[in-house]
Number of protein chains: 2
Amino acid sequence: MDSTAASESAPALPGGAAHVGPRVRALRTERGMSLSELARRASVGKATLSGLEAGTRNPTLDTLHAVAAALGVALTALVVGGGSPRIRGAAVDMELLRVFDDGPATYELYRMRIPAGAEQASPAHHPGVTEHATVFAGELQAGQLDAPGVAGPGAYLEWAADAPHGYAAVGPEDVHASLLIRYPT
Amino acid sequence: MDSTAASESAPALPGGAAHVGPRVRALRTERGMSLSELARRASVGKATLSGLEAGTRNPTLDTLHAVAAALGVALTALVVGGGSPRIRGAAVDMELLRVFDDGPATYELYRMRIPAGAEQASPAHHPGVTEHATVFAGELQAGQLDAPGVAGPGAYLEWAADAPHGYAAVGPEDVHASLLIRYPT
DNA sequence: CCCGACCGTTCCGTTTACGGAACGCCAGCG
DNA sequence: CGCTGGCGTTCCGTAAACGGAACGGTCGGG
């Protein structure tokens, strides 16, 4: 397992401060907000925010929380995939975002990425399992191997996963999508 | 549920260090691990961990990350719900899980809950905005006010959100669903 | 042309989170 | 019994994250 973990103070920690900085800066500029304004709204010092975005500081939970709230996003939105379980196949790179288990079924919500032109097959899962994808970017071909569907940005696709199935990025762009896997109880 | 969410304020510090402490302690004892052992594995001081679990400290991102790694969980598992912007309407309770902004559009992914029997309307959003729901539990009726769709567990529903639309839990159970809102650029 | 407003960075004194080393406590054991 | 080893908490000096106040740079208006 991994518990030979990053115990050291190596600055190259997977989800370390170096990664959250650019993320904050992106969310801020996306909203057309200046650093000073965000600092004001979050009630943190400009120095704090500047250092945070530059990755030269190691922010406290309070600081992160204040910034996330001022940006209107969940704290988890600032912590890019750092430490999220990641499943990397031949072509498909999936990151488990969340598990919902309080319904009559269990749902796993993934973010999926497939490089342009790549494809990958997956063996059958347990009976009754279905997969649901919403495409953000690119052209996704997915579903039963003999009868796949195709979906572009904004489109939705679903298929039974209790038979061999596959995923492919058929267009010239990388595919970005959300994938929801439903496991009936 | 407009995007003009409550950016400012954050009256008291919700989801602050007080919430992550018990969470860490739960995950640790769940694994039958002693405080000293976790501190050793995470390469943090026992004092740090003790104060963190007690909620008397305001841990840094490095500390949180080291502890999460030593517990073998994603950092997000330590801060679940804590500080997620929650949009609570008349009937619909939504929690923003994640924002995707690297495609040709921006996506906001929510978890949605509607008490059984309740309903709520939403005004039109900007042109081109669409909403996509996947139902986990209950019976969701949603879409254009004059032509809503209905979806049960495992089913999918989408509609244009640039016109007034609504959500309702029409069955005898609460509705749990994921809602993806797509904002074209 | 100068001036004021705002931007993002840097400097600085204060606050505080950090790890190490105590402490008291409770088993297990010779 | 005392001795030993591990537990969780507390104390303490140091390192660093914090907010406030500078700084230089860029606009836009008078």
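A, B, ... follow the sequence lines: proteins, then strands. Residue 1 opens every chain.
Look at CG on Leu61(A): it is 11 Å from P on dC18(D), rounded to the nearest Å. Distance, Leu52(A) CG to dG19(D) P: 11 Å, rounded to whole Å. Taking atom NZ of residue Lys46(A) and atom P of nucleotide dG19(D), one finds them 13 Å apart after rounding to whole Å.
Residue Asn58(A) places its side chain closer to dA17(D) than to any other of dC7(D), dA17(D), dG19(D).
Not one side-chain nitrogen or oxygen of Arg57(A) sits closer than 4.0 Å to the OP1 or OP2 atom of dA16(D). Contact check, Thr60(B) against dA17(D): no side-chain N or O comes under 4.0 Å of OP1 or OP2.
Side-chain contact between Thr60(A) and Pro59(B) is absent, with no heavy atoms from C-beta onward closer than 4.5 Å.
The 12-atom threshold is exceeded at CD of Glu139(B), counting heavy atoms of other residues, nucleotides or ligands nearer than 6.0 Å. Around the CD atom of Gln141(A), the shell of radius 6.0 Å holds more than 12 heavy atoms that belong to other residues, nucleotides or ligands.
Listed for the Glu131(A) side chain is no donor-acceptor partner under 3.5 Å among the backbone atoms of Ala160(A).
The nearest heavy atom of DNA chain D to Ala47(A) and to Arg25(B) marks one nucleotide each, and the one closer to the 5' end goes with Arg25(B). The 5' end of DNA chain D is approached more closely, in terms of each residue's nearest nucleotide, by Glu37(B) than by the other of Gly51(B) and Glu37(B).
At a threshold of 4.0 angstrom between heavy atoms, the contacts of Thr48(A) include nucleobase atoms, whether or not backbone atoms are also involved.
Taking the six-membered ring for Trp and thresholds of 30 and 60 degrees, His165(B) and His125(B) have ring planes more than 60 degrees apart, a perpendicular arrangement.
Once you apply a 4.0 Å limit to the heavy atoms of chain B, the touched nucleotides of DNA chain C run 5' to 3' over dA17(C) to dG20(C).
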Checklist line | side-chain hydrogen bond (donor to acceptor under 3.5 Å, both in side chains) between His132(A) and Thr130(A), worked out | finding: CA-CA 7 Å; His132(A) 312 251; Thr130(A) 51; 3.0 Å; yes

